[in-house]
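Report on the following structure.
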2 protein chains.
Amino acid sequence: MVTLRDVARVAGVSLATASRAMSDAPHVSAANREQVARAAESLGYRPHPAARALTTGSTGTVGLVVPDLANPFFAAVAKGVQARARETGRDVLVADTDEDVAVEPDVITRLGDRVDGLVLCSPRLPADALGPLLAAAGGPVALVNRETPDAPSVSFDIADGVRQALDHLRALGHDVVAYAGGPRTSWSDGERRTALGALAGDTVLDLGSFRPTHGGGVQAADLALAAGATAVLCFNDLVALGVLARLHARGVATPADVSVVGFDDVAAASLVTPALTTVAVPLARAGRTAVDLLGAASAPPDHRRLPVELVVRSSTAPAPPTPVQPDPRTTVPRTADPEVVIR
Amino acid sequence: MVTLRDVARVAGVSLATASRAMSDAPHVSAANREQVARAAESLGYRPHPAARALTTGSTGTVGLVVPDLANPFFAAVAKGVQARARETGRDVLVADTDEDVAVEPDVITRLGDRVDGLVLCSPRLPADALGPLLAAAGGPVALVNRETPDAPSVSFDIADGVRQALDHLRALGHDVVAYAGGPRTSWSDGERRTALGALAGDTVLDLGSFRPTHGGGVQAADLALAAGATAVLCFNDLVALGVLARLHARGVATPADVSVVGFDDVAAASLVTPALTTVAVPLARAGRTAVDLLGAASAPPDHRRLPVELVVRSSTAPAPPTPVQPDPRTTVPRTADPEVVIR
DNA sequence: TTGTAAGCGTTATCAG
DNA sequence: CTGATAACGCTTACAA
C-alpha cells in the first residue's frame, strides 16, 4: 500500500506539505504542489479513507435507510440518493429494514456511526417513534416522504396531486370517487386523506386502509365494486395495479366500467395494460434533494415539497351511465377493518 | 463521544484490557470482562468504525456494484447482499453505475478502498474488460450472474432453465420456438444461446439481440409475429413483458395464439395479465451467496451455480393449429441488426 | 492475566 | 511557505 508518506518522500517534501498539497489547501508553493501531484500520480497513491475519517471526523459516506429495496418506490429514491452522493464525491451505505419497523433503531444507530448523514425513508413508522430515531442517528438526518418539525425533509405536494386526480376524474363525470387508502400509520396516507376531505368532502367513498401492495389492491377492488364506485383513486401504483388486475379478473372493463388512478408513477405503471393514469412524483429527485439537505442544516429545518403531476394514460375514461353490477358470486364481504397489520 | 479509554477508566482497567474484553479475546479475567461490559453498557459505548478499520485493516463493509438499482433483477440481488451482510455484522456500500460500463473501473477502484470485498454485478461488461477490473478492486471480488476463471462467482443453471422452458413448450406442441435474445456482450445471453443450440439446434428461431427492457420486447414481438412463431422464449422478464404488451396491442391473443416465456421471475411477472410463465432464478439467494463467497477465497475460485425452476403461469398454452397472421399494416420490417448499442 | 507502548495513515497545530 | 509533532480511537505485540 502506498501512503502519503511515500508520496512525500518521492516528492522530496515533508508529510505535512504533501498533505496540504493533496487537499489543495493554501500555503503550498506551486512547485511543491506540482511535485506532490506528480509523485502521487506516479505512485498510484490513494488516500486511506479510514485514516482520513479518523482525523477529520467525516467519513465521506451518506447512509440510506429504506423499508424495501425491491419496492420500486424506494428503489427510485435510492437511485437518486446514490447519484447525488456520487456527484458530490461521497458513497452510500444502504440498509434495507425489510419492512420491519422494529429494527430501525438498531439499523439507524449502527449506520449513524459510519456516515456523515442519514437519509431516512420510513413511511410507516408511527410519528411518535420518529423523535428517538433522529436522536439515535447521532448526526444530520433528512426525511423522505414525510414531515416532522424536528428534521429537514423532502416530500411531495400530495394535496395538489389529489386535486389534479380529482379534477381529472370529475371532468370525466365521476361524481363520487372511491379511495383505496394506505396504512394508517403512513404520513403520506394522512396527507391524501386530508386533501381528499378538503377537496371532495362527502363525495369521497372511503374504502378503508390496505396494504400498499398488489394484494391490497385486489382487496380494495372487490370493495369498490361492491360499493358501486365508477372510479377509484389508489394510495399508490402497486395498489392500483392490484385493482386493475382484480377488476380484469372479475370481468369488469377498465376504463370503460371503472376508472383507476394510481400514485407515484412507478415504472410498471406505464407498462401495464391498460397503462395506468397516475400522479407522478419525482422520486429520484427526492433522493437527490435529501442528500443536499444533509449538508445544509438550518433552523428551523428546511422542508421541501416537490411538485407532482398527473400523468393521464389509459386507465381513466368518462364515467359509464350506470355503475357496473359485478357478478355477486365473487363479491367478498366487507370486513370490519380490512387493514392488515404492517409488521 | 465516548471512547474505549472512557470505558477502561470507568471499568478500572487498562485500555488494552478493555479492548480485549470488548472483542471477547482470550486472556481476560471473567471479573474484568464483566466490569468492562458493564461500563460500556452504562456509557453507551460504541466502537469507532474508522479507528477500528485503521488498525485492523478491515472495514466491516462489503461493496455492491450494479448497473441499475431500479431494475428489479438487481434490486433483488441487492436485497440478498444486504440481508446477508447484515446477518454477518457488515454494512453494504452500493454503487449504481447507471448502466454505464465506462465508469465501472472508477467506481470499483473507489469502492474497493473502502470495503473488505466487492460483489460485482456487471452482466454487460465484455469478458476481456473483466480482468483489469478485478485487479482494480484490490481485494476479494465475487461475481454475480457471470463466470470467469479468475474470480469466484455465483450464477444460475441457465442451461437447465432453458431445457425446462423448452420441454414445457414442446409438450404443448410448439415445435419451433423463437428466442428473443439479450445484449451480445451479456454472459448470460451466451449461456442461453449455447443451451438453445445444444438442446434445440435448428428448431430455434433466433430473433436477434434486443435491449433487455420492455422496449426490447416490443421490438422482438413484431419480429416474432413476422416470423410466424407460436412461442417465444425471452432473454428476461422485462423483454417478455414487452412482448406480451406488444402482442396485446396488435390484437394477438396470449396464450391462445402465441405463448411467451420469460426468465428471472421478477415480481412483476406474476402481477401482469396474463401472468407470465418464466424461469425463476433465486436472485436474493445469489446475493447472499456472493457475500459468503467473499469470505472464503479458494484456489481455484469457487463457482456456484444455483438451480432454477420453471414457473408455469398463464402466458403459455398449447400451440394453435396454425400460426396467427398478424395485420400486415403494423408489421415492422426486420432490420439488419435490431440490437441497440448498450452504453 | 494485565498494562505499557508502538503504531495504523491522515490532518492539524504550532513553531520556524 | 514549510516541517516536526501531536492527536484521532483502536488493536496488538511485548513486557511485567
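Chain letters run A, B, ... following the sequence lines, proteins first, then strands; residues in each count from 1. Since this is a predicted model, take the numbers as computed values, not measurements.
Using a 4.5 Å heavy-atom cutoff, the side chains of A:L143 and A:V154 are not in contact. Taking 4.5 Å as the limit, every side-chain heavy atom of A:L125 sits out of range of all side-chain heavy atoms of A:T185. Side-chain contact between B:V103 and B:D98 is absent, with no heavy atoms from C-beta onward closer than 4.5 Å. A:R305 has its side chain out of reach of A:F156: every pair of non-hydrogen atoms, C-beta onward, lies at least 4.5 Å apart.
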Ignoring hydrogens and angles, write down the donor-acceptor pairs under 3.5 Å from the side chains of residues 17-26 of chain A, residues two or more places apart or on other chains.
from  : atom 1 : to    : atom 2 : distance (Å)
A:T17 : OG1    : A:S14 : OG     : 3.2
A:S23 : OG     : A:S19 : O      : 2.8

Name each donor-acceptor pair under 3.5 Å that joins a side chain in residues 115-123 of chain B to protein atoms two or more places apart or in another chain, with its distance.
from   : atom 1 : to     : atom 2 : distance (Å)
B:D116 : OD1    : B:T59  : N      : 2.7
B:D116 : OD1    : B:T59  : OG1    : 3.0
B:D116 : OD2    : B:S58  : OG     : 3.4
B:D116 : OD2    : B:T59  : N      : 3.4
B:D116 : OD2    : B:G60  : N      : 2.9
B:S122 : OG     : B:E104 : OE1    : 2.8
B:S122 : OG     : B:E104 : OE2    : 2.8

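A rotation axis mapping the C1' atoms of four pairs onto the next four is fitted at both ends of the helix from C:dT1-D:dA16 to C:dG16-D:dC1 over five pairs, and the angle between these axes is 40° to 10 degrees.
Read 5' to 3', the first and last nucleotides of DNA chain D with an atom closer than 4.0 Å to a heavy atom of chain B are D:dG9 to D:dA13.
Other residues, nucleotides and ligands contribute at most 12 non-hydrogen atoms within 6.0 Å of the CD atom of A:E41.
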Walk along nucleotides 10-16 of chain C from 5' to 3' and tag each nucleotide B, S or - by protein heavy-atom contact under 4.0 Å, base first, then sugar-phosphate. BBBB---

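At a non-hydrogen distance threshold of 4.0 Å, nothing from residues 30-44 of chain A comes into contact with DNA chain C.
B:T3 approaches B:Y45 most closely through the heavy-atom pair C-CE1, 3.6 Å.
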Start with the C-alpha distance between B:L130 and B:D150, add both sets of side-chain angles, then the distance that settles side-chain contact (heavy atoms from CB on, under 4.5 Å), and finish with yes or no. CA-CA 9 Å; B:L130 206 49; B:D150 310 321; over 6 Å; no

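In this structure, CG on A:L54 lies 5.5 Å from CG on B:L54, to the nearest 0.5 angstrom.
Comparing B:L54 and B:V28 by the nucleotide of DNA chain C that holds the closest heavy atom to each, the one mapping nearer the 5' end is B:V28.
In this structure a side-chain-to-backbone donor-acceptor pair under 3.5 Å is missing from A:T148 to A:A151. Under a 3.5 Å cut-off, the side chain of B:S186 and the backbone N or O of B:G182 do not form any donor-acceptor pair.
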